[in-house]
Structure formats: structure tokens, C-alpha cells
Protein chains: 2
Amino acid sequence: MIFLNSLQNKMGAQTELILKTSSLSITSSRKKILEIFLSASTALAHQDIEKLAEQYDRVTIYRTLQTFLDRGIIHTIPTTDNTIKYALCSDDCITSGHHHDNHVHFLCDQCGRTLCLDDVSIPAITLPKGYSMKEINMVVNGICKTCME
Amino acid sequence: MIFLNSLQNKMGAQTELILKTSSLSITSSRKKILEIFLSASTALAHQDIEKLAEQYDRVTIYRTLQTFLDRGIIHTIPTTDNTIKYALCSDDCITSGHHHDNHVHFLCDQCGRTLCLDDVSIPAITLPKGYSMKEINMVVNGICKTCME
DNA sequence: TATAGAATGCAACTTTGTTGCAAAATACTT
DNA sequence: AAGTATTTTGCAACAAAGTTGCATTCTATA
């Protein structure tokens, strides 16, 4: 019990730090949603968060996610089933101010989870003349490790 | 006028051929939606099609797009703003039966258009052990050629 | 601790997508 | 070419997803 409290305090401290770094006021809904992201192993849909933070209003969750997106705390992942998925940005992504999330995302067709393949980086490509690149995303569909077993 | 008719006949023949190839019955809504795709230079959202084919019911458009997806006539493009965009598959994509759409897609942040960069193919990547790949998508955001000028 | 400013919850609304079913259109048979 | 089986369409009703305005509550700060 003491151990559990200490864990929660740790996470509480972490969420407050993230909010402070982004100069956002510290509210319980924001902390709760950040905690959800920190303990999630996969990218989350709005609906997932709604279920895990059901004490908060749907509108609040929409607005909080939008705020986090604006501040670069989270990012969206383009998915082939065109559901919106959100994931935490990596540390240096947040601190560096602008968004650069250079790893490949994996969408499991069986369990439906969206995973960040942190170790697989997106290869460089050459665009036709006249195009300017700002962001690049790579999404792979298939069966994930867990579902293959 | 004669010239215009001949053009429309040409496109009519083309749309009917596509439908026949996929063993779909030929209906005016399907032909209309195919014509829209054939004359579009960019990928289209459901909403775009609804505006361009307003004589048809919303439900019909949903069902037609789903049918075209099932037959591999069109494909969806994952976008970072998480709107669903549809584009015609290339010829060999249709005829070969299974879908393989190996080019990079470009999303212009300025004009909002989604373009198929047919000449830029998706580079190969290596997934971690245990993952199986079925489909791969690469989406680039930035400013397109037209908007840069 | 008082207060200005920000965030939240609620209600009402718009947009987007789905389903069942009767009517209409298409394909097929003869 | 006409009749019939099958498919497709449109309508209605609904469900889900997302948005907006405003009054209330909470947070930061002096």
C-alpha cells in the first residue's frame, strides 16, 4: 500500500512536471489523462481514454487532447482504418519544442492495437522537385508479436 | 458539343469497363462516382464526393465506396488529420486482384489536397522479430508544388 | 486569501456513419 | 423482347462522434 502510494506519487510528480514544462495549469483531468498515456503500452483512441477517465466529461477529454496536441505533448498517428489514435511524444520531442517523431507505427489487424516501433526509424525519401516536406509518417499493418504467438 | 459527347462516352465506356472487370452491376451512381475519381487529380473525402454527386443519397455513396474498396477499385489513404481519403487504384492494382499501392502519399498543409506521388515508392524496412507485415503506408505532410509557386 | 483568468460540465446541436426495409433498377433466362 | 430473380437504391430512423456557448468551478498569483 505504501509502495503503491509511492508509485502514484511518482507518476503524479511526472504528470505535473509535464504540465508545468508546457506552462499548462495543473488540473485533475489533465493529470488523469497523462497518467493514462504514461501507463499505456499502445496508442489510444479517444474512446479508450473516455472509458479510462469516465469521471470526466466527454467534452473535457476532447479539449484536453486538443491542448496536448497543440503543446506537442501527444501526437496523432495516421491509421489505415482511419480512427484517430494518440500517443505520448518522446521526451526530446517535448523538450525540443517542435514535433519530430521519427519511428514507424504498427497497427495490429488482429488485436487492433497501435504500437510505436521505437527501434525502427523511418527511412529517408526524395520528393519530386517543388515539394517541401514538413512531417513524415510510416504505418505498417499486420500481426503483432503478441498475436503471432 | 459533339466533341463533348464523345469525351463523355469515352469516360462512360471506361467506367463501365471497370465495373464489368470487377463483376459489378452497372448503375448510374457507380458510374458517376467512378467518373468523379477519374477526373479528380487528388484523393477525395467522402464529403467531396457527396458534393459532386449530390443527386445520390448519402447512404448510396457510403455503400458504393465500400463496394469499391472491397473490389480493390479504390483505396484509402491514412492522413495525419485523420480524415478518410479515397483514391483510384492504379491499373495493375485493379487487374492483379489484390491491393498493392506502393507509392508515397503527400498531404498539402496549405491547400489540403492529398496527392499520390506515383514516382516515389515506399522504401523497405525491417520489422522487429515476431512481427508480420501485410500493408505499408507512407504519408508526407508539407507544401505541394502548386502552393510553393 | 481574494481575485482574475482558465478549465470544466452541461445542454443543445451538427456532422458522420449505420441498419432495416420497401421500391426501383439491373441482369439473366427463355 | 418480356418476365422474373437478384441486386441496388432511397428513405427513415437511429447511433456515434465531434462542436459550441455559457454558467459554474477551479487554479494560479499577487
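Just so it is clear: chains get the letters A, B, ... in the order the sequence lines come, proteins before strands, and each one is counted from 1. Worth knowing before you read on, the calculation uses all heavy atoms, side chains too, and leaves out hydrogens, waters and symmetry mates.
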To the nearest 10°, let me know how far the axis at one end of the helix from C:dT1-D:dA30 to C:dT30-D:dA1 is tilted from the axis at the other, five pairs an end. 40°

Residues B:Tyr56, B:Ser28; criterion side-chain hydrogen bond (donor to acceptor under 3.5 Å, both in side chains); working and verdict: CA-CA 9 Å; B:Tyr56 300 103; B:Ser28 69; 2.9 Å; yes

Atom pair CD/NZ of B:Glu35 and B:Lys32 - distance to nearest 0.5 Å: 6.0 Å

Could you give the distance from NE2 (B:His105) to CD1 (B:Ile77), rounded to the nearest 0.5 Å?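 Reported to 0.5 Å precision, the distance equals 3.5 Å.
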
From the set [options], return the single nucleotide nearest to any side-chain atom of [X].
| X | options | result |
| --- | --- | --- |
| B:Ile26 | C:dA27, D:dT9, C:dA6 | C:dA27 |
| B:Ile84 | C:dT8, D:dT8, C:dG17 | C:dG17 |
| A:Thr27 | C:dA7, C:dT16, D:dT8 | C:dA7 |

Could you check whether the side chain of A:Arg63 and the base of D:dG18 have a donor-acceptor pair of N or O atoms closer than 3.5 Å, going by distance alone?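 A donor-acceptor contact between them is absent.
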
[X] [atom1] to [N] [atom2], straight-line distance once rounded to whole Å:
| X | N | atom1 | atom2 | result |
| --- | --- | --- | --- | --- |
| B:His46 | D:dA16 | NE2 | C1' | 15 Å |
| B:Ile61 | C:dT16 | CD1 | P | 12 Å |
| A:Lys32 | C:dG9 | NZ | C1' | 18 Å |
| B:Tyr62 | D:dA13 | OH | C1' | 15 Å |
| A:Leu65 | D:dA17 | CG | P | 14 Å |
| B:Gln66 | C:dT16 | CD | C1' | 15 Å |
| B:Lys20 | D:dT7 | NZ | P | 19 Å |
| A:Leu19 | C:dA6 | CG | P | 16 Å |

For B:Ser29, report the nucleic acid contact type (base, sugar-phosphate, nothing); a contact means any heavy atom under 4.0 Å.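 Sugar-phosphate only.
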
For DNA chain C, which residues of residues 49-60 of chain A approach it to below 4.0 angstrom with any heavy atom? A:Tyr56, A:Asp57, A:Val59, A:Thr60

Validation row, ring centre B:Tyr86 to ring centre B:His75 under 6.0 Å: no

Give the C-alpha distance, both sets of side-chain angles, the deciding distance and a yes or no for side-chain hydrogen bond (donor to acceptor under 3.5 Å, both in side chains) between B:Arg71 and B:Thr21. CA-CA 10 Å; B:Arg71 303 302 170 111; B:Thr21 306; over 6 Å; no

Run B:Asn102 and B:Ser121 through side-chain hydrogen bond (donor to acceptor under 3.5 Å, both in side chains) and show every step you take. CA-CA 6 Å; B:Asn102 199 42; B:Ser121 56; 4.8 Å; no

Under 4.5 Å between any side-chain heavy atoms of B:Lys134 and A:Asp109, yes or no? yes

Is the closest side-chain donor-acceptor distance between B:Arg30 and B:Thr15 under 3.5 Å?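 Short answer, no.
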
Taking the nucleotide of DNA chain C with the nearest heavy atom to each, does B:Gln47 or B:Leu24 sit closer to the 5' end? B:Gln47

Can you tell me if CD on B:Glu54 sees more than 12 non-hydrogen neighbours from other groups inside 6.0 Å? no

